[in-house]
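Here is how names work: the chains are called A, B, and so on, in the same order as the sequence lines, proteins then strands, and each is numbered from 1.
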Protein chains: 2
Amino acid sequence: MPTGAGPTAIDALDARLVDLLTAEPRIGVLELSRRLRVARGTVQARLDKLQARGVIKGFGPEIEPAALGYRVMAFVTLEIRQRYGHHAVADHLRDIPEVLEAHTISGAGDLLCRIVARSNADLQRVLDHVVGYDGIVRASTFIALAERIPLRTLPLVQAAVGVPLPPTEPPADAAG
Amino acid sequence: MPTGAGPTAIDALDARLVDLLTAEPRIGVLELSRRLRVARGTVQARLDKLQARGVIKGFGPEIEPAALGYRVMAFVTLEIRQRYGHHAVADHLRDIPEVLEAHTISGAGDLLCRIVARSNADLQRVLDHVVGYDGIVRASTFIALAERIPLRTLPLVQAAVGVPLPPTEPPADAAG
DNA sequence: TTCGGGGCTGGTCAGATTGTGCAGCGGTAC
DNA sequence: GTACCGCTGCACAATCTGACCAGCCCCGAA
């Protein structure tokens, strides 16, 4: 990188790389370099760095719960008994396969999680399972009726081009 | 598949395949077949079908917003003016790169979306942008303080092994 | 019981890709 | 001016891929 002033998150080439890779995930490094009009080594190096920096977490297969029969999705806010702590509750949630993710949040409710179920009836079963833990006081469920914007990050990637990284808590390396 | 009774979502081999692929995304079909102890053609066929059925949506690179400098994540519920309709609001949200996803939901609030920002101060900017649309009456923000369970689907995949697909709305094929 | 279909195996083939190493070039920092 | 870093273009051997094949086994149907 140029200087220690402040490494930018990503540059235009990185963005194009991610962009292309998102559009056609199965395309290889060689093809990538051809389309991007850069040397193959460059693509490989960029990719390695992107992964090393954690910008690209991985290339795991994206599973569609609906295709597995889990056609109902819902968001649930959980109010927990402070005594128990978020950690214990999270452990409980982790044991439920239908809980896809969970976050501690500010404001009303203490935990927000995303769950799926096979049907509305099945949702009840899942919810029973979720709240069937002493540390949880109350649960509010919001059923997802329609997916207006599917999970995406591409626009963000493009917006981040050239923008310097905030020096909040990068690994001890940008020091001297 | 056995009969027309009800195709199961996935079987054990499919699950192992997804499992292994998630653990090591860069591994090829050949290596996959070696580890799974099945013929290469089998792996290729399974993979093709999994993708054809939509179980595997793709292999796109997973981007970590935090690594791009977007260290703050929040969930926002939006109450919208019915006149405008969810569609129009969704269009508005789609134009904001920091909006990672959005769903129409039941219950209080009409839309739930996930947004990211560079900092708390930046979050304000993003929120201003989000609510800066006539169709939105009110927004309630929940900042994600900690990620207790990162987005996952593997447990779900394993739970779905052998379970028959509900005949809700599959393509006209299970008829006879 | 026999037939038909589907899935899996194990093998082959040519073609393409990958990982790796190299030297040269140009821009920037010191 | 010198050193460092990133990109280019090229080469090589090794590997993997997509495609195809015949054979075997199991299950459901007739």
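- Between A/Tyr84 and A/His92, the ring center distance fails the sub-6.0 Å criterion.
- No option in B/Leu111, B/Thr104, B/Asp110 other than B/Leu111 meets the side chain to side chain contact (heavy atoms under 4.5 Å, CB included) test with B/Leu78.
- In the set D/dT8, C/dC8, D/dA19, D/dT8 carries the atom at the smallest distance from any side-chain atom of A/Ala39.
- Across all strands shown, A/Gln44 has heavy atoms under 4.0 Å from base atoms, whether or not it also approaches the sugar-phosphate.
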Might you work through the side-chain contact (heavy atoms from CB on, under 4.5 Å) test for A/Val157 and A/Asp19, ending with a clear yes or no? CA-CA 8 Å; A/Val157 169; A/Asp19 208 338; over 6 Å; no
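- Residue contacts shown for A/Arg46 are limited to sugar-phosphate atoms, with no base heavy atom under 4.0 Å away.
- The separation between B/Asp14 atom CG and C/dC8 atom P is 9 Å, rounded to whole Å.
- With the end axes of the helix from C/dT1-D/dA30 to C/dC30-D/dG1 each set by five pairs, the angle from one to the other reads 50° at 10° resolution.
- Side-chain contact check for A/Arg114 versus B/Leu112: every heavy-atom pair is 4.5 Å or farther apart.
- To the nearest angstrom, C1' of D/dC16 lies 15 Å from CG of B/Leu47.
- Nearest-nucleotide mapping onto DNA chain D: of A/Arg37 and B/Leu30, the residue sitting toward the 5' end is A/Arg37.
- Atom CG of B/Asp11 and atom C1' of D/dC26 are 15 Å apart (whole Å).
- Note: CZ (B/Phe59) to P (D/dT17) measures 12 Å, nearest angstrom.
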Going through the checks in order, is the salt bridge (charged side-chain N to carboxylate O under 4.0 Å, His left out) test met by A/Asp128 and A/Arg125? CA-CA 5 Å; A/Asp128 285 346; A/Arg125 176 186 65 80; over 6 Å; no
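- OP1 and OP2 of D/dG6 both lie 4.0 Å or more from every side-chain N or O belonging to A/Thr42.
- Spacing between atom CD1 of B/Ile27 and atom P of D/dT15 amounts to 16 Å, rounded to whole angstrom units.
- The base of C/dG19 sits with one of its N or O atoms less than 3.5 Å from a complementary donor or acceptor on the side chain of A/Arg40.
- Side chains of B/Gln124 and B/Asn120: no donor on one and acceptor on the other come within 3.5 Å.
- Comparing atom distances between the B/Arg34 side chain and each of D/dA11, D/dC16, D/dC7 picks out D/dC16 as nearest.
- Look at CD on B/Glu31: it is 7 Å from P on D/dC16, rounded to the nearest Å.
- One finds a salt bridge joining A/Arg46 and A/Asp11 here, because a Lys/Arg side-chain nitrogen approaches an Asp/Glu carboxylate oxygen to under 4.0 Å.
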